[in-house]
Amino acid sequence: IFIGPVVNAARGVATTVNNAITSFANNFMTALNPQITKSYAAGNYGYMNGLVERGSRFSFYIMLVFILPVMFETEFILNIWLDTYPEYTVSFVRLTLVVSAIDILSNTLINLQTATGKIRNYQLVVGGILMMNFPLSYLCLKLGLSPVSVYIVAIVVAVCCLFLRLLFLRR
């Protein structure tokens with residue numbers, strides 16, 4: 001409605017790059033998640049906390065290995081891959097990767113919260129904050145801000161959700 005098909009195409013390219021990079025870190029997490037659930041069920045909380053901490057840290061590091069070169073050489077990569085690309089593509093790729101790096105820290109936390117079985121309030125609060133992404137982005141675009149503002153909103157929402165997840169698990 002606000003920005004047109006060219007910017008939507010830029011978002012599509014950014015999403016494609018993001019999906020290629022995050023798949024590596026998500027594969028690592030797939031092997032770790034059953035161990036977290038099993039250790040919680042067995043009451044082995046020390047081991048479980050270690051798994052959650054190391055899992056978040058290692059998955060973030062795996063992401064960094066792929067993200068950093070792409071962040072610094074986005075234009076070069078896009079020139080090789082697409083030759084010409086839509087406006088905002090470079091910014092969108094970089095900001096999408098930042099959102100993914102924040103989200104990857106939450107993966108083990110989400111699995112641990114699910115393992116506890118106490119997810120109603122967690123889902124209401126975190127899900128409610130995640131749903132604020134759309135109206136806040138809409139408001140930014142309605143106010144005439146740049147399409148990049150949508151990604152800034154996504155980053156703020158991702159950081160808020162990360163802290164909320166930590167608060168729920170602390171209890």
Tell me every residue that passes side chain to side chain donor-acceptor pair (under 3.5 Å) with Thr108, counting only those two or more places apart in sequence or in another chain. Ser56
Tell me which pairs pass salt bridge (charged side-chain N to carboxylate O under 4.0 Å, His left out) where either residue lies in residues 51-60, with sequence neighbours left out. Glu53-Arg57
With a 4.5 Å cut-off on side-chain heavy atoms, are Trp81 and Thr16 touching? yes
Shared ILVMFWY cluster between Val70 and Leu64, side chains joined below 4.5 angstrom? yes
Rounding to 0.5 Å, atoms CG (Leu162) and CD1 (Ile104) come to a distance of 12.0 Å
Side chain to side chain donor-acceptor pair (under 3.5 Å) filter on Asn26, not counting sequence neighbours, yields Asn107
Taken to the nearest 0.5 Å, the spacing of Thr37 OG1 from Asn111 CG works out to 4.0 Å
Answer yes if Tyr138 and Val7 sit in the same cluster of Ile, Leu, Val, Met, Phe, Trp and Tyr residues linked by side chain heavy atoms under 4.5 Å apart, and no otherwise. yes
Test of understanding: with side chain to side chain donor-acceptor pair (under 3.5 Å), list the residues that count as partners of Tyr122, not counting sequence neighbours. Arg165
Asn18 side chain reached by Leu97 side chain, heavy atoms, under 4.5 Å: yes
Sequence neighbours left out, cut at 3.5 Å: what donor-acceptor pairs do the side chains of residues 141-149 make with other protein atoms?
unit_1: Ser146; atom_1: OG; unit_2: Val148; atom_2: N; d: 3.1
unit_1: Ser149; atom_1: OG; unit_2: Ser146; atom_2: O; d: 2.6

Test Ser100 against Ile21 for side-chain contact (heavy atoms from CB on, under 4.5 Å), laying out the working first. CA-CA 9 Å; Ser100 291; Ile21 291 174; over 6 Å; no
Using the salt bridge (charged side-chain N to carboxylate O under 4.0 Å, His left out) rule, collect all pairs that involve residues 13-31, keeping only residues at least two apart or in two chains. none
Kindly state each residue pair satisfying salt bridge (charged side-chain N to carboxylate O under 4.0 Å, His left out) with at least one member in residues 117-131, sequence neighbours excluded. none
Nearest-0.5 Å distance that lies between atom CG in Asp103 and atom OG in Ser59: 11.0 Å
Can you hop from Leu136 to Ile3 via hydrophobic side chains spaced under 4.5 Å? no
Taking every non-hydrogen atom, the tightest pair across Ile36 and Met48: O-CG, 4.0 Å
Can you find a heavy atom in the side chain of Val125 that is under 4.5 Å from one in the side chain of Phe168? yes
With no hydrogens and no angle check, is any side-chain donor or acceptor of Ser91 less than 3.5 Å from a backbone partner on Tyr88? no
Side-chain heavy atoms nearer than 4.5 Å, only ILVMFWY residues, links allowed to pass through others: does that put Met132 and Val99 together? no
In the hydrophobic clustering (ILVMFWY, side-chain contacts below 4.5 Å, transitive), which residues join Phe76, or is it alone? Ile80
For residues 41-61, the ring pair (Phe, Tyr, Trp, His ring centres under 6.0 Å) pairs (sequence neighbours left out) are Tyr40-Tyr45
Test side chain to side chain donor-acceptor pair (under 3.5 Å) applied to Gln123 - qualifying residues, sequence neighbours left out: none
Is it true that atom CZ of Phe2 has more than 12 heavy atoms of other residues, nucleotides or ligands lying nearer than 6.0 Å? yes
Looking at Val93, Thr74, Thr22, which one forms a side chain to side chain contact (heavy atoms under 4.5 Å, CB included) with Val17? Val93
Just verifying a value: how many Å separate Ile129 CD1 and Met131 CE, rounded to the nearest 0.5 Å? 10.5 Å
Could you give the distance from CG (Leu169) to CG (Leu164), rounded to the nearest 0.5 Å? 11.0 Å
List in chain and number order the residues that pass ring pair (Phe, Tyr, Trp, His ring centres under 6.0 Å) with Tyr151, two or more places apart in sequence or in another chain; answer none if no residue qualifies. Phe92
Any salt bridge (charged side-chain N to carboxylate O under 4.0 Å, His left out) involving residues 72-84? Give me the pairs, sequence neighbours left out, ordered by first then second residue. Glu75-Arg94
Rounded distance (nearest 0.5 Å) linking atom SG of Cys161 with atom CG of Leu109: 11.5 Å
